[in-house]
Amino acid sequence: MTSTPALARPTDDSTGPLTWLSPEAALWVASRRGDFVGFVELTDGHFDVTDARGAHVASCGTLRQAQDLVEHSTRRASAVKTLAYVAVGTGAVAVSALAVGLGIVNLG
């Protein structure tokens with residue numbers, strides 16, 4: 001009988017407050033529990049939001065809107081990661097059930 005390895009439960013990257021630092025004028029860097037989350041940069045009168053992967057998320061009219069968007073994007077990324085774990089786990093269970101079913105058919 002084969003066993004399916006247990007999947008590690010994903011950590012919730014969206015808990016805890018963001019810490020904002022401004023290492024230079026017109027740049028704000030966000031972290032959560034010491035992990036980089038994203039940054040906001042003032043460029044040509046608008047606030048560009050960049051996520052933890054370096055992808056441009058959006059441009060906002062105010063710093064507060066941009067910082068809220070960084071918070072929102074980290075919560076969404078955490079939800080997507082959790083859904084990926086659920087999908088992989090469901091697939092593993094389905095493959096295991098299929099293998100057991102085929103084993104029963106071969107016995108009969």
Side-chain angles (χ1 to χ4, degrees):
M1 182 170 154
T2 60
S3 65
T4 305
L7 294 173
R9 184 174 182 172
T11 58
D12 186 359
D13 296 336
S14 66
T15 59
L18 289 183
T19 301
W20 287 95
L21 298 174
S22 184
E24 61 181 64
L27 179 66
W28 297 265
V29 179
S31 63
R32 179 176 281 123
R33 295 187 312 269
D35 294 325
F36 173 69
V37 175
F39 67 90
V40 175
E41 184 175 22
L42 179 61
T43 307
D44 297 327
H46 58 273
F47 296 88
D48 287 326
V49 178
T50 302
D51 68 12
R53 294 186 192 127
H56 182 263
V57 175
S59 294
C60 298
T62 68
L63 176 60
R64 184 72 247 154
Q65 290 171 334
Q67 289 175 327
D68 287 345
L69 194 55
V70 170
E71 175 72 27
H72 175 72
S73 68
T74 61
R75 290 186 190 281
R76 182 166 187 239
S78 179
V80 168
K81 185 176 17 174
T82 300
L83 287 174
Y85 275 93
V86 169
V88 168
T90 302
V93 169
V95 168
S96 296
L98 178 63
V100 168
L102 290 175
I104 291 172
V105 169
N106 286 337
L107 292 175

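For residues 34-59, the ring pair (Phe, Tyr, Trp, His ring centres under 6.0 Å) pairs, not counting sequence neighbours, are W28-F47.
Criterion: ILVMFWY side-chain heavy atoms under 4.5 Å apart, direct or through other members. Under it, V57 and V37 are part of a common hydrophobic cluster.
Pairing each heavy atom of V49 with each of L69, the nearest pair is CG2-CD2, 4.0 Å.
Take D68 and apply the salt bridge (Lys or Arg N to Asp or Glu O under 4.0 Å) test, not counting sequence neighbours, and it matches R64.
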Donor-acceptor pairs under 3.5 angstrom involving side-chain atoms of residues 16-23: please list them, not counting sequence neighbours.
| unit_1 | atom_1 | unit_2 | atom_2 | d |
| --- | --- | --- | --- | --- |
| S22 | OG | E24 | O | 3.1 |
| S22 | OG | L27 | O | 2.8 |

